Amino acid sequence: MDLTLDAEARAFRAEATEWLTEHTPARLPSLDTAEGFAAHREWEHSLAQARWSVVSWPREFGGREANLLHWLLFEEAYYAAGAPARVSQNGIFLLAPTLFTHGTDEQRERLLPPMARAEQIWAQAWSEPEAGSDLAAIRSRARQTSGGWLLSGQKTWSSRAAFADRAFGLFRTDPDAQRHRGLTYFLFDLRAPGVTVRPIAQLDGEPGFAEVFLDEVFVPDADVLGQPGDGWRVAMSTSANERGLSLRSPGRFQATARKLVNLWQQNKNPVHRDRVVDAWIGAQSYRLHTLATVTRLSEGGELGAESSVGKLFWSELDLSLHETALDLLGAEAELDSDWLRGWLFALAGPIYAGTNEIQRTVVAERLLGLPRSPR
Amino acid sequence: MDLTLDAEARAFRAEATEWLTEHTPARLPSLDTAEGFAAHREWEHSLAQARWSVVSWPREFGGREANLLHWLLFEEAYYAAGAPARVSQNGIFLLAPTLFTHGTDEQRERLLPPMARAEQIWAQAWSEPEAGSDLAAIRSRARQTSGGWLLSGQKTWSSRAAFADRAFGLFRTDPDAQRHRGLTYFLFDLRAPGVTVRPIAQLDGEPGFAEVFLDEVFVPDADVLGQPGDGWRVAMSTSANERGLSLRSPGRFQATARKLVNLWQQNKNPVHRDRVVDAWIGAQSYRLHTLATVTRLSEGGELGAESSVGKLFWSELDLSLHETALDLLGAEAELDSDWLRGWLFALAGPIYAGTNEIQRTVVAERLLGLPRSPR
Amino acid sequence: MRFALTPEQSQFAKTLHAALESTKDPWPTLVTLGVPALLIPVEHGGLGADPIDLVVAMEELGHHAVPGPLADTLAALPTLLTDLEQPELLTELATGTQASLVMPPHTPLALTASRYFHLDQNTLTTATPAPRPSPNSVAPRTPLSSVDPERQLHHLTPTTPLAQGPVVRAAAARAFNLATLATAAQLLGAARAMLDLTVAHAKARTQFGHPVGAFQAVQHRLADAHVALELARPLTHAAALTRTARDVSAARVAAADAAQRTARTALQLHGAIGYTREYPLSRWLTLVRALHTSWGTQDHHRGRVMAALTEDSWTWD
Amino acid sequence: MRFALTPEQSQFAKTLHAALESTKDPWPTLVTLGVPALLIPVEHGGLGADPIDLVVAMEELGHHAVPGPLADTLAALPTLLTDLEQPELLTELATGTQASLVMPPHTPLALTASRYFHLDQNTLTTATPAPRPSPNSVAPRTPLSSVDPERQLHHLTPTTPLAQGPVVRAAAARAFNLATLATAAQLLGAARAMLDLTVAHAKARTQFGHPVGAFQAVQHRLADAHVALELARPLTHAAALTRTARDVSAARVAAADAAQRTARTALQLHGAIGYTREYPLSRWLTLVRALHTSWGTQDHHRGRVMAALTEDSWTWD
């Protein structure tokens, strides 16, 4: 049991903090607007030029080969500095881990550097109208053609797709196979012929996600990730990443909790004290739980179904942090503010990346060993 | 919309309050001890002599023919006076309504007056080791014999059975019939040959319930309630009573909420203010909800599945009233007190009379019309 | 004691419901049905109805997410202007003029309306929209944007005084109380609409081969929301009868909590589609969030309940 | 940074677990295993172990619902008597004497023990059980009965002074902190035991033709309890390292809430059998309720966390 940081870790964090303090921009417009998307892309480009955009990646692709602990420290510094949300998140945190595990050398060399520099921004294309939490019900299809595949069908709730460059998702390549079988993982261009993107306005009015219609969209063989027909297995490794360590690092909740304490201090209404304290404790325990996970992984452990524990916790924590803040704001709570935006964003947390209902079932069946529920 | 009480109702309440103020005893020992059971029996005997034990019953059986509103007012007065828990509760609130609906004149004349006078105290015998919430899984049997029936089997969680005189429950009279069919509603003597009562200590250490073993226990035909084989239907009318209006009248929660406010006033810790307020609001809303139900019933409406709404609400309310009080008590909370006893009692609320899980399913399927869940 | 709506009141609710179902421009319909005239005295062209009729109407308005300064126009101002003897303004309200009232500190901003009023301590004035007064806060913008896209908010500048003195203070307390009651009913109506929509969704949508509504986790959350709403509603009706600070605030606290809980359940059980502007759930989700801090926070109203229960004046704010 | 138990600590937990599983008289076993000596300095016959070892031990003691003045004997008194240089008493504790410490106002009562101590403001004394001092409260009884039948509580009368002055006050703060930490770990162990028992019950018990544990409502409640416990545990480990008031109180708040939540889930999912003394769940249900207000209430500890976060001294009590 040791929570002290060695000199190298402290130096790494100090370097990150120094750079971020100097370069973090004032509040950018929402990344779900055209203007905000461009501004966020520009910010991440400068982040990449200083080699801070993908600290955990190998140096050859733009990273610093930071270990998990250093990555966590970077994230803490990032959110403590008030730096913007990551517009490249889908690519960096969902697609890249899959590329590292299942991609070819050619794919990594071609795709990772522009991702790190925010020159290519990726959208995810998991869900379909009849396949939300039940991904195995996917109907979109791909059929083989000369040198590649022709993709057709409809994806929805594709986050960032309104303004992103490319997308990744599963398509059925064996029409006779049931459910998980016969799916293939494809990468495709959102501006390719045959692709129609219909932005969908979120609760805040901005097109944070979109429907993507595909009509015989050509994708070369080089943009199949993993083996054809093996898409489910390939995607599941991404899915663990989405829920787990990398999607929501503790840093953002620590920063929010600290802001909440500051907000409470403005009038110290004792009626709200306990909720503020509990939110801060929640952020702290998520941080420590993550450090325990990092220790376990660094000693050869696996993440697995444990990632559902983290996802359940941070999604509820994020909501309670913001709901408490809105209660502290009183009559002004309904007005546009960082807290209100954060609350709207937090509302989606228990839904995306596998609903919390699904996560609870995973915890019950895979971690507690309860019998499979009828479904 | 009118919440005012007419002169008759006010006079009735005043009379009850006056009598109760004068006669309510100081705190009695727990009714789950032999000593306390006897003391409670004596109290209810004096209650009956003043015709306050069963105010809603016809006069011929010891009542005052009070309507539902008057009954509620009596209950409010009863708990406001700090009068003891009702040791006759199982008989008066669970069995008697069934006797009124399904009993014969002979049964009513023979059974109701001693019940009203607490000379015969009844225990319920619903559950079996393999049939808790799933009553239709009952295995105890009765077979016909000359002039009556022979009952065999095992009942459990039989509340009051350790010290009560008689019990009521369902037994399977057609061994070939499945589930709800072929059950018969029997009344039997807990001291009859062949009956063995094994008291079970509750969390507080007192034998609040018992296992009842029956080995060829003779019950005359006169103690079959309703028709043989019709027990499920007969029992279900009792079950609605158990959950619904009569089991937990608002008066007890109003009295508890008032005590909680008084407790808070001792040091007015603002950190606890909201929970105290919310508990008081809960008691008030349960009272008003009940008045709306009384209005509906008095105009010919039926209770039905609505009773599940009330049961879910009061059982959670009772817990939050007592948990809040224990938090207010601080370091002394673990010591024996009315609050601690009340908390222990409240803990059982979400379990008995149909678990809250079952009640939620009833609300979802019967009131909201959701499709039947797989079970 | 008869604690139920009269047949006339139930019929009024049904009439409103049917009318609002079939229009996209609700206000003229409401004017035709006499809703703005409900609390205006008969001698000023109103209907002289009871607060319980207001509660019935506000539930339906919440159910259909009707926008506008409803608590102001239908509840606070009719009682305020009656108490302060402003017959011409009452007549104007009765004929359907929308008006908004600012009452600092609990109601610091006005909603877009045809007429504005400002009430501070013991002075009632007419008023006009103004840029944000405090220069060191967020950049002044008029209208200010709310979480609810239908709500455009304004700071007001007082203009002509209408009434002054202690009588204003007493009238203000009654007006605030009635606006609070109206908001409670509006919240309940909005919450019931969300629950109904979610139940319908859960019956229609299938997942893993079953209707979503057959899953126990879904059933139980919907049941809890139903219980919360069923138990909050009688508080609102009782408060319409007594109009005490205790009862009105209790109704508002329970209604706002039940509505917030229902909103979370509704969004969660809808999943992503519930998070979009184009699906109707969003109308109520954002409305309920805005109403949660309108006409006093939960903290303020819980403080009022406790003050009444302990008969002393301890409140935080 | 290596935030995990060492192999030795994990082994120590396993050894304790195995030993406690196979005995009905745990204290002699614990003495044999050196548990009372953990925090006693080596020079006084102790093991000079870390607070993290104490946390490991207390989790196991909670897991087996071991009764007795554990936080006093294993945590508060070893550090207090070390700070106040009481070598003979330390040696006595190291060899297995059970002792109980009263520290008003947060710990006003002692548990049955062989030795009693009383610490008020800046005086530490030996003490002896006494009837309840205040005549206008509940009738004096010794021992007082607790919700937990294994806990017999006593008021103490101070007897011989052992130490006095500001040094006592500082040592008292450290002792209270360590007792709080020990209680947090004990609560987590008890909660984990309840969860394990309930999971086993849900696998074995059938209802309506399915194992209870296949019902979604059951699965999701157990999952929530698991998450709460998994997230509370690292707080306890971190607090053992830093021993700051902030971290110790945060750990204790999270542990007590998670334990209370788990207790309700466990009881509810067991149904009636969980409500009996003869079924083992009751040992933890009553223990957790008693510990919930031992060594400071949740209110007190939340106040300490907030005071640390805002670096001023605002607390209610």
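Since the model is a prediction, treat every value here as computed from it, not as a measurement. Residue numbers start from 1 in every chain, and the chains themselves are labelled A, B, ... in the order their sequence lines are given, proteins ahead of strands.
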So how far is it from B:D274 CG to C:D299 CG, rounded to the nearest 0.5 Å?
6.5 Å
Tell me, side chain or backbone of C:R246 under 4.5 Å from chain B's heavy atoms, or both, or neither?
side chain
Tell me, do C:L235 and B:H289 make a side-chain contact under 4.5 Å, heavy atoms counted?
no
B:R360 side chain vs C:A217 backbone, donor-acceptor pair below 3.5 Å:
no
What are the two closest heavy atoms between B:G369 and C:K203, and how far apart are they?
O-CE, 2.9 Å
If you tally heavy-atom pairs under 4.5 Å between each of B:V363, B:L288, B:L5, B:D6 and chain C, the highest tally belongs to B:L288
Residue part contacting chain B, namely of C:V199, when any heavy atom lies under 4.5 Å
both
Just give me the residue among C:V253, C:L241, C:V305 that pairs up with chain B most often, heavy atom to heavy atom, under 4.5 Å.
C:L241
Quick check for you: to the nearest 0.5 Å, what is the distance between B:M1 atom CE and C:H237 atom NE2?
4.5 Å
What closest approach, in Å, do C:R2 and B:T295 show between heavy atoms, and which atom pair accounts for it?
CG-CG2, 3.7 Å
Any idea which of C:L195, C:D257, C:L231, C:V227 has the most non-hydrogen atom pairs under 4.5 angstrom with chain B?
C:L231
Closest non-hydrogen atoms of B:L3 and C:A238, given as atom of the first, atom of the second and distance, are CD1-CB, 3.7 Å
With only heavy atoms counted, which part of B:R296 is less than 4.5 Å from chain C, the side chain, the backbone, both or neither?
neither
Assess whether atom CD of B:E8 is packed by more than 12 heavy atoms of other residues, nucleotides or ligands within 6.0 Å.
no
Can a donor-acceptor pair be found, under 3.5 Å and without considering hydrogens, that links the side chain of C:Q219 to the backbone of B:P371?
yes
Could you report the tightest heavy-atom contact between C:G213 and B:L370, atom names first, then the distance?
O-CB, 3.7 Å
Per-residue tally against chain C (heavy atom, under 4.5 Å) across B:T4, B:L367, B:V309 peaks at B:V309
Take a 6.0 Å sphere around CD of B:E299 and say whether it holds more than 12 heavy atoms from other residues, nucleotides or ligands.
yes
Would you indicate whether B:E18, at its atom CD, is surrounded by more than 12 heavy atoms from other residues, nucleotides or ligands within a distance under 6.0 Å?
no
Contacting moiety of B:L69, where chain C heavy atoms sit under 4.5 Å:
side chain
Options B:D278, B:N356, B:V261, ranked by heavy-atom pairs under 4.5 Å with chain C, top entry:
B:D278
Which value, rounded to the nearest 0.5 Å, describes the distance between C:F3 atom CZ and B:T290 atom OG1?
10.5 Å
Identify which part of C:D50 has an atom lying under 4.5 Å from any heavy atom of chain B, answering side chain, backbone, both or neither.
neither
Within the 4.5 Å heavy-atom criterion, are B:V276 and C:M306 side-chain neighbours or not?
yes
Pick one of side chain, backbone, both or neither for C:I52, based on which atoms fall under 4.5 Å of a heavy atom in chain B.
side chain
With rounding to the nearest 0.5 angstrom, report the OG1 to CG distance, C:T6 to B:D2.
11.5 Å
Shortest non-hydrogen pair, C:L309 vs B:W280, comes out as CD2-CE2, 3.4 Å
C:L222 portion near chain B, given a 4.5 angstrom heavy-atom threshold
both
What part of B:L291 is in contact with chain C, defined as an atom under 4.5 angstrom from a non-hydrogen atom: side chain, backbone, both or neither?
both
Would you mind checking which part of C:D196 comes under 4.5 Å of any heavy atom in chain B, side chain (CB onward), backbone (N, CA, C, O), both or neither?
neither
For the atom pair CD (C:E230) and CD (B:E306), what is the distance rounded to the nearest 0.5 Å?
6.0 Å
With a 4.5 angstrom heavy-atom cut-off, is it the side chain or the backbone of B:E357 that approaches chain C, or both, or neither?
both
Toward chain B, the part of C:H226 with a non-hydrogen atom under 4.5 Å:
side chain
